[in-house]
Visitor: 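So that we are looking at the same thing, I have put the structure below in structure tokens.
Just so it is clear, the values below take in all heavy atoms, side chains as well, and ignore hydrogens, waters and symmetry mates. Naming convention: chains lettered A, B, ... in sequence-line order (proteins, then strands); numbering from 1 in each chain.
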Number of protein chains: 2
Amino acid sequence: MNKNDIKNAGLKITLPRTKILKILETSEKRHMTAEDVYRILLADDKGTIALATVYRVLTQFEAADLVIRHNFESGQQAVFELNNNEHHDHMVCIRTGKIVEFHDEIIEQRQREIAKKHGFKLVDHALTLYGEFEESPKMNKQ
Amino acid sequence: MNKNDIKNAGLKITLPRTKILKILETSEKRHMTAEDVYRILLADDKGTIALATVYRVLTQFEAADLVIRHNFESGQQAVFELNNNEHHDHMVCIRTGKIVEFHDEIIEQRQREIAKKHGFKLVDHALTLYGEFEESPKMNKQ
DNA sequence: ATGTATGCAAAACGTTTGCATGATG
DNA sequence: CATCATGCAAACGTTTTGCATACAT
């Protein structure tokens with residue numbers, strides 16, 4: 001019921017917003033740039049939706065905790081993913097851009113301990129591993 | 001002997017390069033944006049050094065492993081720090097911008113294990129904790 | 001009917017680049 | 001003296017914003 005998510009965020013239910021949310025929900029890629037979303041909108045749609053609107057809506061969704069914005073070390077485009085409320089970190093392939101999520105409770109726990117030791121009130125954290133996935137011989141990666 | 005570092009990087013020893021390196025070495029802030037460096041150059045100097053040069057030099061230093069560039073999740077300006085060859089991660093205060101470094105072997109080890117489990121050749125990683133340092137009552141933070 | 005959202009174009013931002021000049025080895 | 005580095009201004013890619021119009025409630 002994605003329309004409720006929009007309404008609960010205090011936002012009016014508009015075509016751009018429902019479409020963008022649906023794209024985030026149904027796209028095979030969980031991590032998309034604003035341009036990724038924009039390109040999909042251009043493709044499967046008649047009514048024009050401006051790139052500026054995509055940015056605006058994604059920013060609003062972020063403020064509403066509906067999506068999470070990442071700025072991976074590339075420093076280039078931000079990527080957005082639907083917030084499924086299951087915290088996770090990321091492995092990013094430096095060759096293909098492929099992103100895999102993981103969660104490790106030992107690391108999480110250590111972070112809390114380290115923060116505590118430094119008198120640091122932990123609000124958020126980001127852990128990203130950069131490297132390359134070793135392809136299994138027969139598989140073609142994209 | 002910072003001039004050797006520059007020479008070893010295959011770079012000519014020029015005023016901008018020695019000054020920028022010295023700023024990185026002697027500034028009380030270990031983590032500086034290009035603009036931070038630029039502003040210091042403007043202040044304590046007569047001969048103009050262009051912001052473009054600061055970016056160029058920092059990028060060259062990065063390629064020579066003299067400095068490390070970070071793009072913290074802010075997505076705004078990159079920050080540069082001298083590479084002391086002691087890997088560490090960062091705690092960033094979301095209120096003051098203060099940065100504290102830490103290193104935790106348990107986390108490092110877990111990362112290697114996770115990468116291995118996923119058939120991921122680990123090249124680099126970035127862990128940043130975001131939060132607030134609890135001030136001790138008498139201390140004025142800056 | 002009111003207020004909010006949108007498209008468009010232009011601006012803003014951090015960073016990079018082309019080019020003619022200047023300094024280094 | 002050949003090469004590399006620099007300053008300047010202009011380009012760049014991403015993201016934001018001003019404004020007049022259009023839509024949701």
Visitor: At under 4.0 Å, does any side-chain N or O of Tyr55(A) touch on OP1 or OP2 of dT15(D)?
Guide: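 True: Tyr55(A) side-chain N/O within range (under 4.0 Å) of dT15(D) OP1/OP2.
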
Visitor: Which listed nucleotide (dT15(C), dT6(C), dT6(D)) is nearest to the side chain of Pro16(A)?
Guide: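 Of dT15(C), dT6(C), dT6(D), dT6(C) is nearest to the side chain of Pro16(A).
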
Visitor: Over all strands shown, is Ala78(B) touching base, sugar-phosphate only, or nothing at heavy-atom distances under 4.0 angstrom?
Guide: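 Here Ala78(B) touches the backbone only, sparing every base.
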
Visitor: For a quick check of understanding: with a heavy-atom distance under 4.0 Å over all strands, which category does Arg17(A) fall into, base, sugar-phosphate or nothing?
Guide: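 Sugar-phosphate contact only - Arg17(A) comes under 4.0 Å of backbone atoms but never of a base.
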
Visitor: How are the rings of His88(A) and His31(A) set relative to one another: parallel (under 30°), tilted (30 to 60°) or perpendicular (over 60°)?
Guide: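 The arrangement is perpendicular - the two ring planes meet at more than 60°.
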
Visitor: Quick check for you: among dT6(C), dT15(D), dG25(C), whose closest atom lies nearest to any side-chain atom of Thr53(A)?
Guide: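 Looking only at heavy atoms from C-beta outward on Thr53(A), the closest nucleotide is dT6(C).
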
Visitor: Charged N to carboxylate O under 4.0 angstrom, Glu105(A) versus Arg112(A)?
Guide: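 Yes.
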
Visitor: When you measure from the side chain of His70(B) to the backbone N and O of Ile68(B), does any donor-acceptor pair fall under 3.5 Å?
Guide: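 A pair under 3.5 Å: no.
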
Visitor: Could you state the atom-to-atom distance from CZ of Phe72(B) to P of dG14(C) in whole Å?
Guide: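 One finds 17 Å between P of dG14(C) and CZ of Phe72(B), rounded.
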
Visitor: So what does Thr48(A) touch, heavy atoms closer than 4.0 Å: a base, only the sugar-phosphate, or nothing?
Guide: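 Sugar-phosphate only.
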
Visitor: What's the closest nucleotide to the side chain of Arg56(A) if the choices are dT16(C), dG7(C), dT25(D)?
Guide: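 The answer is dG7(C), which lies nearest to the side chain.
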
Visitor: Expressed in angstrom and rounded to an integer, what is the separation of Gln60(A) atom CD from dT16(D) atom P?
Guide: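 Going from CD in Gln60(A) over to P in dT16(D) covers 11 Å.
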
Visitor: Glu35(A) CD to dC12(D) P: how many Å, rounded?
Guide: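 Computing the Glu35(A):CD to dC12(D):P distance gives 16 Å.
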
Visitor: With pairs taken as Watson-Crick or G-U wobble and both distances under 3.5 angstrom, which stems of at least three consecutive pairs involve DNA chain C?
Guide: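 Paired runs of 3+ in DNA chain C: C:1-25 with D:1-25.
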
Visitor: In terms of side-chain heavy atoms of Thr14(B), which of dA5(D), dT6(C), dT16(C) is nearest?
Guide: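 The answer is dA5(D).
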
Visitor: Out of dT16(D), dT6(D), dT15(C), which has the shortest distance to the side chain of Arg69(A)?
Guide: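 Closest of the options to the side chain of Arg69(A): dT16(D).
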
Visitor: Here's a test of your reading of the structure: between Leu11(A) and Ile49(B), which maps to the more 5' nucleotide of DNA chain D?
Guide: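 The answer here is Ile49(B).
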
Visitor: Identify the two heavy atoms, one from Leu127(B) and one from Asp89(B), that lie closest to each other, and give their separation to 0.1 Å.
Guide: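 Leu127(B) and Asp89(B) have their closest heavy atoms at O-CB, 3.3 Å.
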
Visitor: Would you say Glu108(B) and His125(B) make side-chain contact, with heavy atoms under 4.5 Å?
Guide: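 They are in contact (side-chain heavy atoms under 4.5 Å apart), so the answer is yes.
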
Visitor: When the distance from CZ of Phe80(A) to P of dT14(D) is rounded to whole Å, what number comes out?
Guide: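 These atoms are roughly 13 Å apart.
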
Visitor: Between Val57(A) and Thr33(B), which residue's closest nucleotide on DNA chain C lies nearer the 5′ terminus?
Guide: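 First, find each residue's nearest nucleotide; the 5'-ward one identifies Val57(A).
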
Visitor: So that I can tick it off, tell me whether Lys22(A) and Glu25(A) are bridged by a salt bridge, with the cut-off set at under 4.0 angstrom between side-chain N and carboxylate O.
Guide: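 Salt bridge between Glu25(A) and Lys22(A), a charged N being under 4.0 Å from a carboxylate O: no.
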
Visitor: How would you label the contact of Leu15(A) with the nucleic acid (heavy atoms, under 4.0 Å): base, sugar-phosphate, or nothing?
Guide: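 Counting heavy atoms under 4.0 Å across all strands, no contact is made by Leu15(A).
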
Visitor: Starting from P on dA5(D), measure out to CZ on Phe61(B) and report it in whole angstrom.
Guide: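 Those two atoms, CZ and P, are 11 Å apart.
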
Visitor: Quickly work out the Lys7(B) NZ to dT24(C) C1' distance and round it to whole Å.
Guide: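 Going from NZ in Lys7(B) over to C1' in dT24(C) covers 11 Å.
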
Visitor: Strictly below 4.0 Å, N to O, side chains only: are Arg110(A) and Glu113(A) in salt-bridge contact?
Guide: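 Salt bridge: yes.
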
Visitor: Can you tell me how the ring of Phe102(A) sits relative to the ring of His118(B), calling it parallel under 30°, perpendicular over 60° and tilted otherwise?
Guide: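 Plane angle between 30° and 60°, so tilted.
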
Visitor: How close or far is atom P of dT6(D) from atom CD1 of Ile13(B), stated in whole angstroms?
Guide: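 One finds 12 Å between P of dT6(D) and CD1 of Ile13(B), rounded.
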
Visitor: Measure the distance from CD on Gln77(B) to P on dT14(D) and round it to the nearest whole Å.
Guide: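 In whole Å, dT14(D) P lies 18 Å from Gln77(B) CD.
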
